[in-house]
Q: 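Let me begin by handing over the structure; questions about it come next.
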Number of protein chains: 2
Amino acid sequence: MRAALQILDDDGLPDLTMRRLAAALDVQPSALYWHFPNKQSLLAELADRIVAPAAPPRPAEGSSSSNTRAEAGALRDALLAYRDGAEVVSSTLALGLGSSAARDRLTAAIIADGYDADLARRAATALLHFVIGHVSHEQQRMQYDSLGVVVPDLSLSPQRDHDDASEFAFGVDLLVGGLEQNGSPRSPAQTHRPGAH
Amino acid sequence: MRAALQILDDDGLPDLTMRRLAAALDVQPSALYWHFPNKQSLLAELADRIVAPAAPPRPAEGSSSSNTRAEAGALRDALLAYRDGAEVVSSTLALGLGSSAARDRLTAAIIADGYDADLARRAATALLHFVIGHVSHEQQRMQYDSLGVVVPDLSLSPQRDHDDASEFAFGVDLLVGGLEQNGSPRSPAQTHRPGAH
DNA sequence: ACCTGAACACCGTTCAAGT
DNA sequence: ACCTGAACACCGTTCAAGT
C-alpha cells in the first residue's frame, strides 16, 4: 500500500501497474497475487486509504448545514492529497467495493445538520457524485497543465477567474441550498415530487 | 464510428480496443492511425455522437426550471442509450476534448429558465458532474447485475425502493432547488457567499 | 507462508513499405 | 489516399514449482 501510494503520487494512476509496483518492491509481479486477488481489490484498498483522512473539523450543531459543507470540503481535500486520488476513488465507488466510507461520512454530516436519514442518504449520493466529478476534473486539468498540453479553453467563456475552490463551494452550495428548501431540518421525511414514482 | 459504437454497445468499453475495432473492420490495427491520431481522439468523437441526440423536448418559458430538468433528463437518456455511455463521456470530458456539447446544452437550458449566463455556466458544471456520476453508477451496476456479481448492498440501508430514475430526479431537484434560491430568475448576477473570494 | 519462473493472451502505437 | 507487416514496449493474470 505504501509503495502503491508512492507510485500513484509520483507518476499517476496510468503508471500504477502491477508490474511497476512489483518492481518497486523488488518482487516478481506474480508475488502480488498472493496478497491481492486482483488489481481492482488493490485499488479498492487504496481508495479507502485515500478517503480515510477525510475527517471533518468537528460536528457543530446549530449553524445551518455547516457539517455538510465541512465534510464535503474535507473529502475534497482528501482526494486532492494524492495525485489522481479522485479517479482512484471513482473507479472503485461503482463496484460497491470500498469507498462507501465517503458516502457514509457525507450522510452522517447531513443527518448531523438535522435532516431525515433517508433524505440524507440520497442527498449524500448526489453530493458525492458532484465532489468526485469536480475533483476528478480538477486533477485531470492539473495533469495536463503540468504536461504543457494546451487545453482548449471553452471558446466562448469570457472570464475564467473563478478558481477551483470557489467553483467547488458553489456546487456544494447549490446542493445544500436545495436540501434546505426541500426537506427543511427537523421536518419529517417528505418526497420531493409526490406522485412521481 | 459505427463499428466502434457497435462494439461498445455489444461488449462494453473494456472490449473496445483498437485491435478489436480493426478486426471488426477487416483491417490491420495500424490502419486506424491514418484516421485517428490515437485512441483518445477516437473516444472523444464517440462521446460527441453519444451526447448528440440529447435534444430536450422543446424550450418552454414560464414553468419554473422546466428546461433545466428536461435537458438533464435528455442527457441521462442519451448516456443510457449506449452501454458504458457515461464512462465514455466522462473519460473525454476532463481532457477538454469534445463533449463540451453536454455542458453547453445544460448551460443554455438554465439560461432559458431565466438565469444569468455566468451563474448558468457554473451550475451547468455542477449538474453535469452529477448527471455523469449518477448514470455512470447506474451503468456499472447494470454490468455487474448482468454478470451475476453479488454487489454487497449497503449494509445498513433498510429500504432500497427508490429506483434509479427517481433518485436521479431527486439529485436534479436538489441542484435546481439551490439554483432557485441562490440566484432567482431574472435577478442580476450575485455571488453565493460574499467575501469568500 | 510467501515467492519465482515462465508462460498466456492480450494491449496502444510507430513506421517503413506497399498499392 | 489508404493500408499492410512487422516490430516495440508494454499490460493483467495463472500456475506449477521452489524455499
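From a predicted model like this one, the values you see are computed outputs, not experimental measurements. Chain identifiers are assigned alphabetically (A, B, ...) following the order of the sequence lines, protein sequences preceding nucleic acid strands; residue numbering begins at 1 within each chain.
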Q: Over how many whole Å does the gap from Q28(B) atom CD to dA7(D) atom C1' extend?
A: 13 Å
Q: Counting C-beta onward and ignoring hydrogens, is there a side-chain heavy-atom pair between R20(A) and D11(A) closer than 4.5 Å?
A: yes
Q: Counting Watson-Crick and G-U wobble pairs only, both distances under 3.5 Å, name the nucleotide matched with dG5(C), or none.
A: dC15(D)
Q: Dump the pairs, protein N or O against N or O of nucleotides 9-13 of chain D, anything under 3.5 Å, distances to one decimal.
A:
from	atom 1	to	atom 2	distance (Å)
dC11(D)	OP1	T17(A)	OG1	3.3
dG12(D)	OP1	M18(A)	N	3.3
dG12(D)	OP1	K39(A)	NZ	3.0
dG12(D)	OP2	M18(A)	N	3.0
dG12(D)	N7	R19(A)	NH1	2.5
dG12(D)	O6	R19(A)	NH1	2.9
dT13(D)	OP2	Y33(A)	OH	2.7
dT13(D)	OP2	K39(A)	N	2.9
dT13(D)	O5'	Y33(A)	OH	3.3

Q: Step by step, would you call R83(B) with D10(B) a salt bridge (charged side-chain N to carboxylate O under 4.0 Å, His left out)?
A: CA-CA 8 Å; R83(B) 213 225 273 220; D10(B) 290 350; over 6 Å; no
Q: Are H129(A) and H137(B) an aromatic pair by the rule of ring centers under 6.0 Å?
A: yes
Q: In whole Å, I'd like the distance from the CG atom of L32(B) to the P atom of dG5(D).
A: 15 Å
Q: Which heavy-atom pair separates N38(B) from M18(B) by the least distance, and what is that distance?
A: C-CE, 4.4 Å
Q: Of the non-hydrogen atoms in D9(B) and A81(B), which two are nearest, and what is the gap between them?
A: OD1-O, 3.9 Å
Q: Nearest-Å distance, CH2 (W34(B)) to C1' (dT19(C))?
A: 15 Å
Q: Taking OP1 and OP2 of dC3(D), is either one under 4.0 Å from a side-chain nitrogen or oxygen of H35(B)?
A: yes
Q: If the P atom of dA9(C) is compared with that of dA9(D), how far apart are they to the nearest Å?
A: 23 Å
Q: Give the minimum heavy-atom separation between L119(A) and L179(A), together with the two atoms involved.
A: CD2-CD1, 3.9 Å
